[in-house]
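In what follows, chains are A, B, ... by sequence order, proteins preceding strands, each numbered from 1.
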Amino acid sequence: MDCNQREELADERLAQLHQRRTALPFTDFDFYRLIRSREYLPAETFVELAEGSLAQAADIKRGGIPVVLSGIVPEPMNVLESISELGGRIVADDFACCGRRLYPRGTSDDPFRRMAERIVYAPPDPTRGNSIQERLDHLLGLVRSNEAKGVIFYEVKFCEPELFDLPNLRKGLQEAHIPSLVVEVDINDPLSHQVRTRLEAFLEIL
Amino acid sequence: MSTDDLFAPPLKVSAQVSELVARHYLKGRHANKHGKVAWVTSGAPVEFLKALNFYLLYPENHAAVCGARKMVVDISSAAEEAGYSREICSYARTDIGAMLSGKTPVGKLPKPDLLVASTNICQTVIHWYRVLAHHFNVPFILIDAPFIYTHASDHAIEFVKRQIEESIPIAEAVAGKSLDEENLQEVVRLSRAAMHLWLEILERCQHHPAPISVFDQFIFMAPIVEMRGDAATVEVYAAIRDLTRKSRSLIG
């Protein structure tokens, strides 16, 4: 198995984890610790870890208000614990460091072209220049296919690629009767109580 | 003391530049009735658009005009009310505010039929122009410029050249006509003449004291962006160049 094949297999397992997330016996916090290990673990080690986790999938129904998260990165990670404690459940995400990294398999025999195909055909990302409409369609798809009740835009301060798209994304969601919330955080700071209160209020209206 | 007192007296040639820019914006009020309009970023390749008779609007310059007229707070509030963060570029926020509210110090801005942005100025234009493309629902051409640290390699030039070549059919489809080679040659000739004059003016600013200030340079760059390829632009830069040769006669 060559390097490309190893990476593609690891990403396939990553996609399976995302798809089966509600069947896994993990909290949202533990689930994100697991999938984000793809950022630093060697592909073959991650495949082993992912397959062991997927084997634990069971026909269970987890409670909580289903929401989709969008943004760059879920940091500080205790935001995930807060959402769970406040009664929410993350059913899908559009994070640049998570859901937008679900690269599909390439088709070319040329390894460099194959890598390029995988990046180009990945889910829409403002840092890669996708149109706002493509992003909106993707978000609406995530919400509908996972029966989410709302979207939380969890934004890193000063992040222009995200901030420029926000008003049109929220408008599109509103037109589809999907409530959304924008939370702006500084990832170097701990999660503030103000953010927690806003998350609580949003989950209450859902 | 007003803030105006902090700056040098106006240059004789400023009135000529202001008139050229004012005439351009005046023409813009009726541009949608008479032809196609393209909004462009500073430094974007405009020659093929000029040769296709597009009216060119330079939103960054418009935002600077809003600033000079002290209208930015009012206009950008419209963008903030629509959800645009205060953290995004204030040029973009001002122009998005003008787009949403219709407020502008120049009377009226023509709507774009085409958007052309190049990353040779900054990466923010990618996000800004995507917002414009979404709002106006018109084609958006992005010319991506690679980083050049020492000199441009052949493949870097080829990369930009191919993007320009691929842009031409899109612009032709919007313009409803084909690019005329002779017309393009003439626009490029005038464009080169204006650019050489502008470079000469900027190089003269290495002198101590400099013949014009950095504020003058910012103000004088409007014609090189949105009127590059016009004979009047060559004339105005020739007049600025001539005045910078005799710095004592600069101040009016």
Side-chain angles (χ1 to χ4, degrees), chain A residues 70-72 94 96 100 112-113 116 119-120 124-140 150-176 178-189 195 198 202, chain B residues 41 59-60 63 76-101 112 114-146 155 159 163 166-167 170:
Chain A
S70 177
I72 292 290
D94 171 48
R100 292 182 208 157
F112 292 106
R113 189 176 171 86
I119 293 170
V120 169
D125 192 331
T127 62
R128 221 183 35 240
N130 290 100
S131 72
I132 296 173
Q133 192 59 49
E134 284 173 303
R135 289 202 62 206
L136 178 60
D137 292 343
H138 179 67
L139 265 181
L140 289 170
V151 175
I152 298 170
F153 291 98
Y154 189 74
E155 304 294 4
V156 177
K157 248 186 174 332
F158 311 114
C159 183
E160 280 203 332
E162 294 288 319
L163 295 175
F164 267 100
D165 287 5
L166 265 184
N168 283 311
L169 292 178
R170 294 195 74 201
K171 192 172 162 218
L173 290 172
Q174 196 178 13
E175 283 164 3
I178 299 160
S180 67
L181 170 76
V182 180
V183 175
E184 210 175 20
V185 294
D186 184 332
I187 54 173
N188 296 311
D189 289 341
V195 167
R198 293 188 61 211
F202 182 66
Chain B
T41 56
E60 289 145 80
S76 63
S77 296
E80 287 167 31
E81 280 162 19
Y84 290 91
S85 168
R86 275 197 165 187
E87 320 293 1
I88 66 170
C89 163
S90 61
Y91 277 100
R93 204 156 24 89
T94 303
D95 273 315
I96 291 170
M99 174 184 88
L100 296 174
S101 68
L114 179 67
L115 298 161
V116 181
S118 176
T119 54
N120 60 351
I121 176 68
C122 68
Q123 298 290 313
T124 296
V125 297
I126 303 173
H127 314 298
W128 174 359
Y129 273 61
R130 271 206 322 245
V131 171
L132 299 180
H134 188 81
H135 180 84
F136 291 111
N137 195 22
V138 295
F140 167 30
I141 295 171
L142 176 74
I143 309 281
D144 189 26
H155 74 268
F159 175 63
Q163 291 180 77
E166 285 171 13
S167 305
I170 301 168

Participant: Let me know if A:Glu184 has heavy atoms under 4.5 Å from chain B in its side chain, its backbone, both or neither.
Facilitator: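 For A:Glu184, the contact with chain B is made by the side chain alone.
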
Participant: With a 4.5 angstrom heavy-atom cut-off, which part of B:Leu142 approaches chain A: side chain, backbone, both or neither?
Facilitator: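 Neither part; nothing is under 4.5 Å.
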
Participant: Determine yes or no for a side-chain-to-main-chain donor-acceptor pair under 3.5 angstrom, with A:Glu160 supplying the side chain and B:Cys89 the backbone.
Facilitator: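 Checking the backbone N and O of B:Cys89 against the side chain of A:Glu160, a donor-acceptor pair under 3.5 Å is found.
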
Participant: If you tally heavy-atom pairs under 4.5 Å against chain A, which of B:Ala133, B:Ala79, B:Ser85, B:Ala92 wins?
Facilitator: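 Max contact count across the listed options: B:Ser85.
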
Participant: Which residues in residues 120-131 of chain B have any heavy atom closer than 4.5 Å to a heavy atom of chain A?
Facilitator: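 Answer by number: B:Thr124, B:His127, B:Trp128, B:Arg130, B:Val131.
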
Participant: Should we count CD of A:Gln174 as having more than 12 external heavy atoms under 6.0 Å?
Facilitator: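 No - once you tally the heavy atoms of other residues, nucleotides and ligands closer than 6.0 Å, there are 12 at most.
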
Participant: Does B:Asn137 CG have over 12 foreign heavy atoms under 6.0 Å away?
Facilitator: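 Not more than 12 within 6.0 Å, no.
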
Participant: Write down the atom of B:Ala82, the atom of A:Pro167, and the distance for their closest heavy-atom approach.
Facilitator: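 Looking at all heavy atoms of both residues, the closest pair is O-CB, 3.3 Å.
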
Participant: Measuring from atom CZ of A:Phe164 to atom CZ of B:Arg93, what distance do you get when rounded to the nearest 0.5 angstrom?
Facilitator: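 If I round to the nearest 0.5 Å, the distance is 9.5 Å.
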
Participant: State the NE2-NZ distance between B:His134 and A:Lys171, to the nearest 0.5 angstrom.
Facilitator: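 Taking NE2 in B:His134 and NZ in A:Lys171, the distance rounds to 6.5 Å.
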
Participant: For atom CZ of A:Arg128, is the number of surrounding heavy atoms from other residues, nucleotides or ligands below 6.0 Å larger than 12?
Facilitator: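 Above 12, so yes.
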
